[in-house]
Visitor: 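The structure is given below, and queries will be raised subsequently.
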Number of protein chains: 2
Amino acid sequence: MPTGLLLTYGLAKGVTMTEVAEQGVRRGRKFDQVLDGARTVFLRDGFDGASVDDIAREAGVSKATLYAYFPDKQMLFKEICAQECRLQADDVEARIDPSMTVEAMLTLAGERIAGFMMSEFGQNAFRLISGEGARFPELARDFYRNGPGLVHDRLVHHLHHLVQSGALRIDDLDLAAEQFIQLCKASLAENLLFRMDHQVNEDRMRRSVRGAVDMFMARYGVPTKA
Amino acid sequence: MPTGLLLTYGLAKGVTMTEVAEQGVRRGRKFDQVLDGARTVFLRDGFDGASVDDIAREAGVSKATLYAYFPDKQMLFKEICAQECRLQADDVEARIDPSMTVEAMLTLAGERIAGFMMSEFGQNAFRLISGEGARFPELARDFYRNGPGLVHDRLVHHLHHLVQSGALRIDDLDLAAEQFIQLCKASLAENLLFRMDHQVNEDRMRRSVRGAVDMFMARYGVPTKA
DNA sequence: CCATAAATGAACCGTTTAGTTCATTTATGG
DNA sequence: CCATAAATGAACTAAACGGTTCATTTATGG
(Lines give C-alpha, C1' and ligand atoms only; values in the text may rest on other atoms or scores of the structure.)
Protein backbone atom coordinates (compact mmCIF):
# COMPACT_ATOMS: atom_id res chain seq x y z
CA MET A 1 0.00 0.00 0.00
CA PRO A 2 2.48 2.66 -1.03
CA THR A 3 -0.14 5.34 -1.57
CA GLY A 4 2.43 8.11 -1.46
CA LEU A 5 4.92 8.58 1.34
CA LEU A 6 5.66 11.70 3.27
CA LEU A 7 9.25 12.70 2.93
CA THR A 8 10.53 15.67 4.84
CA TYR A 9 13.78 16.69 6.41
CA GLY A 10 12.13 18.79 9.08
CA LEU A 11 9.57 17.83 11.68
CA ALA A 12 6.48 15.79 10.94
CA LYS A 13 3.33 17.89 10.83
CA GLY A 14 1.57 15.79 13.41
CA VAL A 15 4.36 15.81 15.92
CA THR A 16 3.73 18.52 18.47
CA MET A 17 7.17 19.22 19.80
CA THR A 18 5.74 22.33 21.45
CA GLU A 19 4.23 20.30 24.22
CA VAL A 20 7.70 19.77 25.54
CA ALA A 21 8.40 23.46 25.87
CA GLU A 22 4.90 24.68 26.70
CA GLN A 23 5.30 24.43 30.44
CA GLY A 24 5.25 27.88 31.96
CA VAL A 25 4.95 29.70 28.65
CA ARG A 26 2.28 32.41 28.67
CA ARG A 27 0.81 34.13 25.62
CA GLY A 28 0.39 37.86 25.06
CA ARG A 29 0.35 40.63 22.51
CA LYS A 30 3.99 40.61 21.52
CA PHE A 31 4.56 36.90 21.73
CA ASP A 32 5.56 36.50 18.10
CA GLN A 33 7.93 39.45 18.25
CA VAL A 34 9.80 37.74 21.06
CA LEU A 35 10.04 34.48 19.13
CA ASP A 36 11.24 36.25 16.00
CA GLY A 37 13.93 38.14 17.83
CA ALA A 38 15.05 35.09 19.74
CA ARG A 39 15.24 33.01 16.59
CA THR A 40 17.41 35.59 14.86
CA VAL A 41 19.83 35.98 17.74
CA PHE A 42 20.01 32.33 18.78
CA LEU A 43 20.66 31.08 15.27
CA ARG A 44 23.26 33.77 14.76
CA ASP A 45 25.13 33.58 18.07
CA GLY A 46 24.31 30.22 19.63
CA PHE A 47 22.94 29.72 23.12
CA ASP A 48 25.77 31.20 25.14
CA GLY A 49 26.58 33.87 22.60
CA ALA A 50 23.05 35.20 22.67
CA SER A 51 22.36 37.48 25.62
CA VAL A 52 18.83 38.04 26.80
CA ASP A 53 19.32 41.78 26.43
CA ASP A 54 20.33 41.29 22.81
CA ILE A 55 17.22 39.21 22.18
CA ALA A 56 14.94 41.76 23.81
CA ARG A 57 16.52 44.55 21.78
CA GLU A 58 16.29 42.57 18.53
CA ALA A 59 12.65 41.76 19.31
CA GLY A 60 11.83 45.38 20.07
CA VAL A 61 10.53 44.37 23.46
CA SER A 62 11.50 45.04 27.04
CA LYS A 63 13.29 42.38 29.00
CA ALA A 64 10.46 42.39 31.53
CA THR A 65 8.01 41.46 28.79
CA LEU A 66 10.22 38.67 27.63
CA TYR A 67 10.40 37.24 31.12
CA ALA A 68 6.63 37.64 31.42
CA TYR A 69 6.34 35.07 28.63
CA PHE A 70 9.18 32.68 29.33
CA PRO A 71 10.37 31.58 32.75
CA ASP A 72 14.00 31.45 31.68
CA LYS A 73 16.42 31.47 28.76
CA GLN A 74 16.43 27.70 28.30
CA MET A 75 12.68 27.46 27.79
CA LEU A 76 12.86 30.22 25.21
CA PHE A 77 15.61 28.35 23.43
CA LYS A 78 13.65 25.12 23.37
CA GLU A 79 10.55 26.89 22.11
CA ILE A 80 12.55 28.38 19.24
CA CYS A 81 13.93 25.00 18.21
CA ALA A 82 10.49 23.41 18.32
CA GLN A 83 8.92 26.23 16.34
CA GLU A 84 11.62 26.15 13.72
CA CYS A 85 11.29 22.43 13.24
CA ARG A 86 7.54 22.69 12.77
CA LEU A 87 7.89 25.57 10.35
CA GLN A 88 10.46 23.71 8.32
CA ALA A 89 8.28 20.62 8.17
CA ASP A 90 5.26 22.53 6.92
CA ASP A 91 7.43 24.09 4.26
CA VAL A 92 9.24 21.15 2.74
CA GLU A 93 6.48 18.58 3.01
CA ALA A 94 6.06 16.64 -0.18
CA ARG A 95 4.25 13.63 -1.51
CA ILE A 96 6.04 11.06 -3.55
CA ASP A 97 4.08 9.81 -6.51
CA PRO A 98 4.30 6.02 -6.66
CA SER A 99 4.06 6.10 -10.45
CA MET A 100 7.43 7.82 -10.67
CA THR A 101 10.54 6.01 -11.79
CA VAL A 102 12.97 5.13 -9.03
CA GLU A 103 15.47 7.66 -10.32
CA ALA A 104 12.93 10.47 -10.34
CA MET A 105 11.79 9.64 -6.84
CA LEU A 106 15.33 9.50 -5.49
CA THR A 107 16.14 12.76 -7.22
CA LEU A 108 13.16 14.46 -5.65
CA ALA A 109 14.00 13.14 -2.21
CA GLY A 110 17.65 14.01 -2.62
CA GLU A 111 16.91 17.57 -3.64
CA ARG A 112 14.83 18.02 -0.52
CA ILE A 113 17.55 16.65 1.70
CA ALA A 114 20.28 18.70 0.08
CA GLY A 115 18.03 21.73 -0.01
CA PHE A 116 17.52 21.57 3.70
CA MET A 117 21.25 21.24 4.32
CA MET A 118 21.83 24.33 2.21
CA SER A 119 19.11 26.41 3.80
CA GLU A 120 20.02 29.07 6.30
CA PHE A 121 18.11 27.28 9.01
CA GLY A 122 19.52 23.90 8.10
CA GLN A 123 23.09 25.06 8.44
CA ASN A 124 22.51 26.93 11.65
CA ALA A 125 20.42 24.18 13.17
CA PHE A 126 23.03 21.52 12.57
CA ARG A 127 25.80 23.67 13.96
CA LEU A 128 23.75 24.88 16.88
CA ILE A 129 22.12 21.64 17.93
CA SER A 130 25.27 19.60 17.56
CA GLY A 131 27.28 22.19 19.45
CA GLU A 132 24.76 22.62 22.24
CA GLY A 133 23.92 18.92 22.33
CA ALA A 134 26.01 18.39 25.44
CA ARG A 135 23.95 20.85 27.47
CA PHE A 136 20.57 19.82 26.04
CA PRO A 137 20.75 16.12 25.30
CA GLU A 138 16.99 15.69 25.06
CA LEU A 139 16.78 18.56 22.61
CA ALA A 140 19.43 17.07 20.37
CA ARG A 141 17.67 13.73 20.55
CA ASP A 142 14.30 15.24 19.65
CA PHE A 143 15.81 17.20 16.80
CA TYR A 144 17.41 14.07 15.41
CA ARG A 145 14.29 11.97 15.88
CA ASN A 146 11.96 14.45 14.22
CA GLY A 147 14.45 15.55 11.58
CA PRO A 148 17.23 13.42 10.13
CA GLY A 149 16.00 10.31 11.90
CA LEU A 150 12.54 10.71 10.46
CA VAL A 151 13.90 10.98 6.95
CA HIS A 152 15.93 7.87 7.54
CA ASP A 153 12.88 5.90 8.66
CA ARG A 154 10.69 7.05 5.82
CA LEU A 155 13.41 6.36 3.30
CA VAL A 156 13.88 2.86 4.65
CA HIS A 157 10.15 2.29 4.41
CA HIS A 158 10.11 3.49 0.85
CA LEU A 159 13.13 1.48 -0.22
CA HIS A 160 11.53 -1.59 1.28
CA HIS A 161 8.60 -1.30 -1.10
CA LEU A 162 10.89 -0.76 -4.06
CA VAL A 163 12.80 -3.89 -3.17
CA GLN A 164 9.59 -5.88 -2.88
CA SER A 165 8.39 -4.61 -6.24
CA GLY A 166 11.67 -5.71 -7.77
CA ALA A 167 12.92 -2.25 -8.70
CA LEU A 168 15.90 -2.41 -6.36
CA ARG A 169 18.06 -5.09 -4.78
CA ILE A 170 19.15 -4.15 -1.25
CA ASP A 171 20.17 -6.38 1.61
CA ASP A 172 20.88 -3.78 4.29
CA LEU A 173 18.11 -1.19 4.11
CA ASP A 174 19.35 0.88 7.02
CA LEU A 175 22.79 1.20 5.54
CA ALA A 176 21.43 1.96 2.07
CA ALA A 177 19.22 4.78 3.35
CA GLU A 178 22.05 6.32 5.29
CA GLN A 179 24.35 6.01 2.30
CA PHE A 180 21.93 7.87 0.10
CA ILE A 181 21.49 10.65 2.62
CA GLN A 182 25.22 11.02 3.01
CA LEU A 183 25.75 11.01 -0.74
CA CYS A 184 23.35 13.89 -1.17
CA LYS A 185 25.60 15.98 1.03
CA ALA A 186 28.74 15.28 -0.98
CA SER A 187 30.43 18.50 -2.05
CA LEU A 188 28.25 20.36 0.44
CA ALA A 189 28.95 18.84 3.82
CA GLU A 190 32.14 20.21 5.30
CA ASN A 191 31.99 23.34 3.23
CA LEU A 192 28.78 24.19 5.01
CA LEU A 193 29.86 22.94 8.39
CA PHE A 194 33.01 25.01 8.41
CA ARG A 195 31.51 28.04 6.72
CA MET A 196 33.76 27.87 3.70
CA ASP A 197 32.79 30.50 1.18
CA HIS A 198 32.46 28.04 -1.64
CA GLN A 199 29.40 29.10 -3.53
CA VAL A 200 26.75 26.59 -2.57
CA ASN A 201 24.48 27.39 -5.43
CA GLU A 202 21.75 25.37 -7.06
CA ASP A 203 24.08 23.88 -9.66
CA ARG A 204 26.39 22.47 -7.06
CA MET A 205 23.47 20.93 -5.24
CA ARG A 206 21.98 19.34 -8.33
CA ARG A 207 25.35 17.92 -9.29
CA SER A 208 25.58 16.39 -5.86
CA VAL A 209 22.12 14.85 -6.03
CA ARG A 210 22.56 13.54 -9.56
CA GLY A 211 25.80 11.93 -8.46
CA ALA A 212 24.03 10.37 -5.50
CA VAL A 213 21.27 8.90 -7.64
CA ASP A 214 23.72 7.56 -10.22
CA MET A 215 25.80 5.94 -7.54
CA PHE A 216 22.82 4.51 -5.71
CA MET A 217 21.40 2.98 -8.88
CA ALA A 218 24.79 1.58 -9.90
CA ARG A 219 24.97 -0.23 -6.60
CA TYR A 220 21.38 -1.22 -5.90
CA GLY A 221 19.64 -0.96 -9.25
CA VAL A 222 18.32 -4.06 -10.99
CA PRO A 223 19.75 -4.34 -14.51
CA THR A 224 16.97 -4.07 -17.10
CA LYS A 225 16.55 -7.25 -19.11
CA ALA A 226 16.26 -5.87 -22.63
CA MET B 1 55.12 8.31 -9.81
CA PRO B 2 52.70 6.95 -7.27
CA THR B 3 55.39 5.85 -4.84
CA GLY B 4 52.94 5.66 -1.98
CA LEU B 5 50.72 8.50 -0.95
CA LEU B 6 50.27 10.02 2.41
CA LEU B 7 46.72 9.75 3.62
CA THR B 8 45.73 11.33 6.83
CA TYR B 9 42.64 12.91 8.27
CA GLY B 10 44.56 15.20 10.55
CA LEU B 11 47.22 17.77 9.80
CA ALA B 12 50.17 17.13 7.51
CA LYS B 13 53.41 16.65 9.38
CA GLY B 14 55.17 19.41 7.53
CA VAL B 15 52.48 22.00 7.99
CA THR B 16 53.35 24.22 10.90
CA MET B 17 50.01 25.55 11.97
CA THR B 18 51.69 26.72 15.16
CA GLU B 19 53.19 29.70 13.40
CA VAL B 20 49.74 31.18 13.28
CA ALA B 21 49.28 31.07 16.99
CA GLU B 22 52.88 31.62 18.07
CA GLN B 23 52.60 35.37 18.39
CA GLY B 24 52.97 36.33 22.00
CA VAL B 25 53.31 32.76 23.23
CA ARG B 26 56.22 32.29 25.64
CA ARG B 27 57.70 28.99 26.74
CA GLY B 28 58.45 27.88 30.28
CA ARG B 29 58.67 24.95 32.65
CA LYS B 30 54.99 24.08 32.82
CA PHE B 31 54.08 24.83 29.26
CA ASP B 32 52.92 21.34 28.45
CA GLN B 33 50.83 21.12 31.60
CA VAL B 34 48.91 24.18 30.51
CA LEU B 35 48.29 22.76 27.06
CA ASP B 36 47.14 19.44 28.46
CA GLY B 37 44.71 21.04 30.85
CA ALA B 38 43.39 23.40 28.23
CA ARG B 39 42.87 20.60 25.76
CA THR B 40 40.87 18.57 28.26
CA VAL B 41 38.62 21.42 29.31
CA PHE B 42 38.16 22.97 25.87
CA LEU B 43 37.23 19.71 24.22
CA ARG B 44 34.88 18.91 27.05
CA ASP B 45 33.15 22.27 27.50
CA GLY B 46 33.73 24.25 24.33
CA PHE B 47 35.19 27.74 24.19
CA ASP B 48 32.60 29.60 26.19
CA GLY B 49 31.93 26.76 28.57
CA ALA B 50 35.57 26.52 29.55
CA SER B 51 36.61 29.06 32.16
CA VAL B 52 40.23 30.03 32.53
CA ASP B 53 40.08 29.14 36.21
CA ASP B 54 38.87 25.66 35.32
CA ILE B 55 41.71 25.26 32.85
CA ALA B 56 44.29 26.43 35.36
CA ARG B 57 42.91 24.07 37.99
CA GLU B 58 42.82 21.15 35.54
CA ALA B 59 46.38 21.93 34.49
CA GLY B 60 47.58 22.14 38.09
CA VAL B 61 48.92 25.59 37.46
CA SER B 62 48.17 29.06 38.73
CA LYS B 63 46.21 31.43 36.56
CA ALA B 64 49.13 33.87 36.67
CA THR B 65 51.38 31.24 35.13
CA LEU B 66 48.85 30.55 32.41
CA TYR B 67 48.69 34.22 31.53
CA ALA B 68 52.47 34.38 31.60
CA TYR B 69 52.42 31.99 28.65
CA PHE B 70 49.41 33.10 26.67
CA PRO B 71 48.24 36.67 26.21
CA ASP B 72 44.57 35.71 26.26
CA LYS B 73 42.07 32.89 26.10
CA GLN B 74 41.69 32.98 22.33
CA MET B 75 45.38 32.43 21.67
CA LEU B 76 45.36 29.48 24.00
CA PHE B 77 42.38 28.06 22.17
CA LYS B 78 44.06 28.42 18.80
CA GLU B 79 47.24 26.82 20.08
CA ILE B 80 45.24 23.83 21.31
CA CYS B 81 43.55 23.34 17.97
CA ALA B 82 46.83 23.56 16.10
CA GLN B 83 48.55 21.16 18.48
CA GLU B 84 45.72 18.65 18.27
CA CYS B 85 45.75 18.70 14.49
CA ARG B 86 49.47 18.06 14.40
CA LEU B 87 49.24 15.29 16.96
CA GLN B 88 46.43 13.63 15.09
CA ALA B 89 48.39 13.80 11.85
CA ASP B 90 51.45 12.20 13.37
CA ASP B 91 49.28 9.48 14.79
CA VAL B 92 47.17 8.39 11.85
CA GLU B 93 49.77 8.88 9.17
CA ALA B 94 49.96 5.95 6.83
CA ARG B 95 51.47 4.98 3.55
CA ILE B 96 49.43 3.38 0.86
CA ASP B 97 51.19 0.55 -0.90
CA PRO B 98 50.75 0.95 -4.67
CA SER B 99 50.78 -2.81 -5.12
CA MET B 100 47.49 -3.11 -3.25
CA THR B 101 44.25 -3.77 -5.03
CA VAL B 102 41.96 -0.80 -5.37
CA GLU B 103 39.51 -2.31 -2.90
CA ALA B 104 42.17 -2.86 -0.29
CA MET B 105 43.46 0.65 -0.66
CA LEU B 106 40.01 2.18 -0.40
CA THR B 107 39.27 0.04 2.61
CA LEU B 108 42.40 1.19 4.34
CA ALA B 109 41.70 4.83 3.58
CA GLY B 110 38.08 4.47 4.60
CA GLU B 111 38.95 2.93 7.92
CA ARG B 112 41.22 5.84 8.69
CA ILE B 113 38.57 8.36 7.82
CA ALA B 114 35.85 6.60 9.76
CA GLY B 115 38.25 5.95 12.62
CA PHE B 116 38.96 9.61 12.96
CA MET B 117 35.27 10.46 12.94
CA MET B 118 34.73 7.94 15.73
CA SER B 119 37.64 9.07 17.85
CA GLU B 120 37.06 11.21 20.90
CA PHE B 121 39.01 14.04 19.40
CA GLY B 122 37.35 13.72 16.03
CA GLN B 123 33.88 14.06 17.45
CA ASN B 124 34.75 16.93 19.74
CA ALA B 125 36.76 18.74 17.11
CA PHE B 126 33.97 18.65 14.56
CA ARG B 127 31.41 19.84 17.05
CA LEU B 128 33.66 22.44 18.55
CA ILE B 129 35.17 23.88 15.40
CA SER B 130 31.90 23.98 13.53
CA GLY B 131 30.16 25.56 16.49
CA GLU B 132 32.86 28.11 17.14
CA GLY B 133 33.43 28.70 13.44
CA ALA B 134 31.41 31.89 13.49
CA ARG B 135 33.68 33.48 16.07
CA PHE B 136 36.93 32.17 14.62
CA PRO B 137 36.50 31.95 10.86
CA GLU B 138 40.20 31.62 10.15
CA LEU B 139 40.47 28.77 12.63
CA ALA B 140 37.64 26.85 11.01
CA ARG B 141 39.24 27.45 7.63
CA ASP B 142 42.65 26.22 8.79
CA PHE B 143 41.14 23.18 10.42
CA TYR B 144 39.31 22.30 7.25
CA ARG B 145 42.35 22.91 5.07
CA ASN B 146 44.68 20.82 7.18
CA GLY B 147 42.12 18.18 8.02
CA PRO B 148 39.17 17.17 5.86
CA GLY B 149 40.36 19.31 2.95
CA LEU B 150 43.74 17.64 2.97
CA VAL B 151 42.19 14.21 2.80
CA HIS B 152 40.06 15.33 -0.07
CA ASP B 153 43.06 16.58 -2.03
CA ARG B 154 45.14 13.48 -1.42
CA LEU B 155 42.25 11.25 -2.32
CA VAL B 156 41.69 13.13 -5.57
CA HIS B 157 45.37 12.78 -6.38
CA HIS B 158 45.27 9.10 -5.69
CA LEU B 159 42.09 8.47 -7.67
CA HIS B 160 43.63 10.33 -10.57
CA HIS B 161 46.44 7.80 -10.77
CA LEU B 162 44.01 4.90 -10.54
CA VAL B 163 42.02 6.33 -13.42
CA GLN B 164 45.13 6.74 -15.51
CA SER B 165 46.19 3.18 -14.81
CA GLY B 166 42.78 1.99 -15.94
CA ALA B 167 41.66 0.63 -12.59
CA LEU B 168 38.81 3.12 -12.24
CA ARG B 169 36.63 5.17 -14.55
CA ILE B 170 35.78 8.57 -13.05
CA ASP B 171 34.82 11.77 -14.78
CA ASP B 172 34.41 14.07 -11.78
CA LEU B 173 37.26 13.38 -9.41
CA ASP B 174 36.28 16.02 -6.86
CA LEU B 175 32.79 14.64 -6.57
CA ALA B 176 33.98 11.04 -6.40
CA ALA B 177 36.39 11.79 -3.57
CA GLU B 178 33.76 13.61 -1.59
CA GLN B 179 31.28 10.82 -2.20
CA PHE B 180 33.66 8.26 -0.82
CA ILE B 181 34.38 10.34 2.27
CA GLN B 182 30.69 10.84 2.90
CA LEU B 183 29.96 7.15 2.39
CA CYS B 184 32.46 6.20 5.03
CA LYS B 185 30.44 8.18 7.54
CA ALA B 186 27.17 6.43 6.73
CA SER B 187 25.58 4.99 9.86
CA LEU B 188 27.98 7.06 11.93
CA ALA B 189 27.38 10.66 10.95
CA GLU B 190 24.36 12.09 12.70
CA ASN B 191 24.53 9.58 15.49
CA LEU B 192 27.88 11.04 16.41
CA LEU B 193 26.93 14.62 15.71
CA PHE B 194 23.88 14.52 17.93
CA ARG B 195 25.41 12.33 20.61
CA MET B 196 23.00 9.47 20.13
CA ASP B 197 23.99 6.56 22.31
CA HIS B 198 24.07 4.11 19.45
CA GLN B 199 27.05 1.96 20.04
CA VAL B 200 29.65 3.12 17.55
CA ASN B 201 31.80 0.07 17.79
CA GLU B 202 34.33 -1.37 15.40
CA ASP B 203 31.79 -3.63 13.70
CA ARG B 204 29.55 -0.74 12.84
CA MET B 205 32.48 1.15 11.39
CA ARG B 206 33.71 -1.74 9.29
CA ARG B 207 30.22 -2.33 7.94
CA SER B 208 30.12 1.31 6.94
CA VAL B 209 33.48 1.20 5.21
CA ARG B 210 32.78 -2.06 3.43
CA GLY B 211 29.52 -0.59 2.17
CA ALA B 212 31.37 2.48 0.96
CA VAL B 213 33.93 0.44 -0.95
CA ASP B 214 31.28 -1.78 -2.52
CA MET B 215 29.28 1.19 -3.62
CA PHE B 216 32.28 3.06 -4.92
CA MET B 217 33.44 0.10 -6.97
CA ALA B 218 29.94 -0.54 -8.30
CA ARG B 219 29.86 2.98 -9.62
CA TYR B 220 33.44 3.66 -10.71
CA GLY B 221 34.99 0.22 -11.01
CA VAL B 222 36.06 -1.12 -14.39
CA PRO B 223 34.44 -4.49 -15.09
CA THR B 224 37.08 -7.21 -15.33
CA LYS B 225 37.26 -8.80 -18.78
CA ALA B 226 37.30 -12.46 -17.88
C1' DC C 1 -14.78 56.26 28.61
C1' DC C 2 -13.03 53.56 31.86
C1' DA C 3 -11.28 49.39 34.16
C1' DT C 4 -8.19 45.95 33.44
C1' DA C 5 -4.42 43.84 31.54
C1' DA C 6 -0.11 44.32 29.10
C1' DA C 7 4.12 46.55 28.25
C1' DT C 8 7.82 49.50 29.64
C1' DG C 9 12.55 50.85 31.08
C1' DA C 10 15.58 51.55 34.25
C1' DA C 11 17.50 50.36 38.27
C1' DC C 12 19.11 46.66 40.80
C1' DC C 13 21.07 41.93 42.68
C1' DG C 14 24.13 38.16 42.77
C1' DT C 15 27.15 35.57 40.13
C1' DT C 16 30.55 34.54 36.84
C1' DT C 17 34.03 35.78 33.90
C1' DA C 18 38.58 37.43 31.68
C1' DG C 19 42.40 39.50 32.91
C1' DT C 20 45.84 42.05 36.37
C1' DT C 21 48.86 42.76 40.25
C1' DC C 22 52.18 41.67 43.56
C1' DA C 23 54.46 40.09 47.53
C1' DT C 24 56.05 35.49 48.56
C1' DT C 25 57.77 30.97 47.58
C1' DT C 26 60.03 27.52 44.77
C1' DA C 27 63.14 25.63 41.59
C1' DT C 28 67.13 25.91 38.36
C1' DG C 29 71.74 26.44 36.67
C1' DG C 30 76.19 28.14 37.03
C1' DC D 1 75.31 28.03 47.51
C1' DC D 2 73.42 31.72 45.60
C1' DA D 3 71.47 34.72 42.03
C1' DT D 4 68.05 34.67 38.80
C1' DA D 5 64.07 33.31 36.77
C1' DA D 6 59.72 30.95 37.25
C1' DA D 7 55.68 29.84 39.71
C1' DT D 8 52.31 30.85 43.17
C1' DG D 9 47.84 32.22 45.22
C1' DA D 10 45.03 35.31 46.65
C1' DA D 11 43.05 39.52 46.17
C1' DC D 12 41.32 42.69 42.91
C1' DT D 13 38.95 45.22 38.76
C1' DA D 14 35.69 45.88 35.38
C1' DA D 15 32.48 44.07 32.56
C1' DA D 16 28.77 40.96 31.23
C1' DC D 17 25.40 38.03 32.32
C1' DG D 18 20.63 36.03 33.89
C1' DG D 19 16.98 37.27 36.34
C1' DT D 20 13.88 40.45 39.42
C1' DT D 21 11.29 44.47 40.85
C1' DC D 22 8.27 48.23 40.37
C1' DA D 23 6.32 52.57 39.50
C1' DT D 24 4.73 54.41 35.18
C1' DT D 25 2.79 54.32 30.67
C1' DT D 26 0.18 52.28 26.90
C1' DA D 27 -3.25 49.69 24.70
C1' DT D 28 -7.55 46.83 24.62
C1' DG D 29 -12.26 45.48 25.07
C1' DG D 30 -16.63 46.00 26.97
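Just so it is clear, the values below take in all heavy atoms, side chains as well, and ignore hydrogens, waters and symmetry mates. Within every chain, numbering begins at 1; the chains are lettered A, B, ... in the order of the sequence lines, protein sequences first and strands thereafter.
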Visitor: Could you give me the CA-CA distance, side-chain angles and deciding distance for B:F143 and B:F136, then say whether side chain to side chain contact (heavy atoms under 4.5 Å, CB included) is met?
Guide: CA-CA 11 Å; B:F143 179 81; B:F136 308 107; over 6 Å; no

Visitor: Would you find a donor on one side and an acceptor on the other, under 3.5 Å apart, between the side chain of B:Q179 and the backbone of A:G211?
Guide: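 Yes; at least one donor-acceptor contact below 3.5 Å.
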
Visitor: Under 4.0 Å: is that the gap between some side-chain N or O of A:K30 and OP1 or OP2 of C:dA7?
Guide: no

Visitor: Choosing from C:dG19, D:dA27, D:dA6, which nucleotide comes nearest the side chain of A:R29?
Guide: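 Selected nucleotide: D:dA27.
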
Visitor: Reckon B:G60 touches a base, only the sugar-phosphate, or nothing at all at heavy-atom distances under 4.0 Å?
Guide: sugar-phosphate

Visitor: Taking A:M75's backbone N and O only, do any of them form a donor-acceptor pair with A:D72's side chain (distance below 3.5 Å, no angle check)?
Guide: yes

Visitor: Charged N to carboxylate O under 4.0 angstrom, A:R135 versus A:D48?
Guide: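 So A:R135 pairs with A:D48 through a salt bridge.
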
Visitor: Nearest to the side chain of A:Y67, heavy atoms from C-beta on, is which of C:dA18, D:dG18, D:dT8?
Guide: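 Among the listed nucleotides, the one closest to the side chain of A:Y67 is D:dG18.
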
Visitor: Tell me the interatomic distance from B:K73, atom NZ, to C:dT16, atom P, rounded to whole angstroms.
Guide: 15 Å

Visitor: Atom CZ of A:F70 to atom P of D:dG18: distance rounded to whole Å?
Guide: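 Checked: the CZ to P distance equals 15 Å.
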
Visitor: Is any NZ, NE, NH1 or NH2 atom of the basic residue among A:R57 and A:D54 found under 4.0 Å from an Asp or Glu carboxylate oxygen of the other?
Guide: yes

Visitor: Nearest to the A:S51 side chain among C:dT8, C:dT17, D:dC17, which nucleotide is it?
Guide: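 The nucleotide sitting nearest to the side chain is D:dC17.
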
Visitor: Which nucleotide in the list D:dG19, C:dT17, D:dA7 gets nearest to the side chain of A:K63?
Guide: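 When the side chain of A:K63 is considered, D:dG19 is the closest of D:dG19, C:dT17, D:dA7.
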
Visitor: For residues A:F31 and A:F70, establish whether the separation of their ring centroids is below 6.0 Å.
Guide: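 Ring centroids of A:F31 and A:F70 are less than 6.0 Å from each other.
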
Visitor: Expressed as a whole number of angstroms, how long is the span from B:D48:CG to C:dT17:P?
Guide: 11 Å

Visitor: Please determine if a side-chain N or O atom of A:Y69 lies less than 4.0 Å away from the OP1 or OP2 oxygen of C:dA6.
Guide: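 For C:dA6, OP1/OP2 do not have a side-chain N/O of A:Y69 under 4.0 Å.
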
Visitor: Rounding to an integer number of Å, can you tell me how far B:R57 CZ sits from C:dT17 P?
Guide: 9 Å

Visitor: Between the two end axes of the helix from C:dC1-D:dG30 to C:dG30-D:dC1, each built from 5 base pairs, what angle do you get to the nearest 10°?
Guide: 30°

Visitor: Would you find a donor on one side and an acceptor on the other, under 3.5 Å apart, between the side chain of B:Y69 and the backbone of B:K30?
Guide: yes

Visitor: Over how many whole Å does the gap from B:F77 atom CZ to C:dG19 atom P extend?
Guide: 14 Å

Visitor: Base, sugar-phosphate or nothing for A:A56? Non-hydrogen atoms, less than 4.0 Å.
Guide: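 Result for A:A56 = nothing.
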
Visitor: To the nearest angstrom, how far is A:I55 atom CD1 from D:dG19 atom P?
Guide: 10 Å

Visitor: If you look at every strand shown and take non-hydrogen atoms under 4.0 Å, does B:T65 touch a base, only sugar-phosphate, or nothing?
Guide: base

Visitor: Please give, in whole Å, the distance from C:dA18 P to B:F47 CZ?
Guide: 8 Å

Visitor: Can you measure A:L66 atom CG to C:dG9 atom P for me and round it to whole angstrom units?
Guide: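 Result: 13 Å.
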
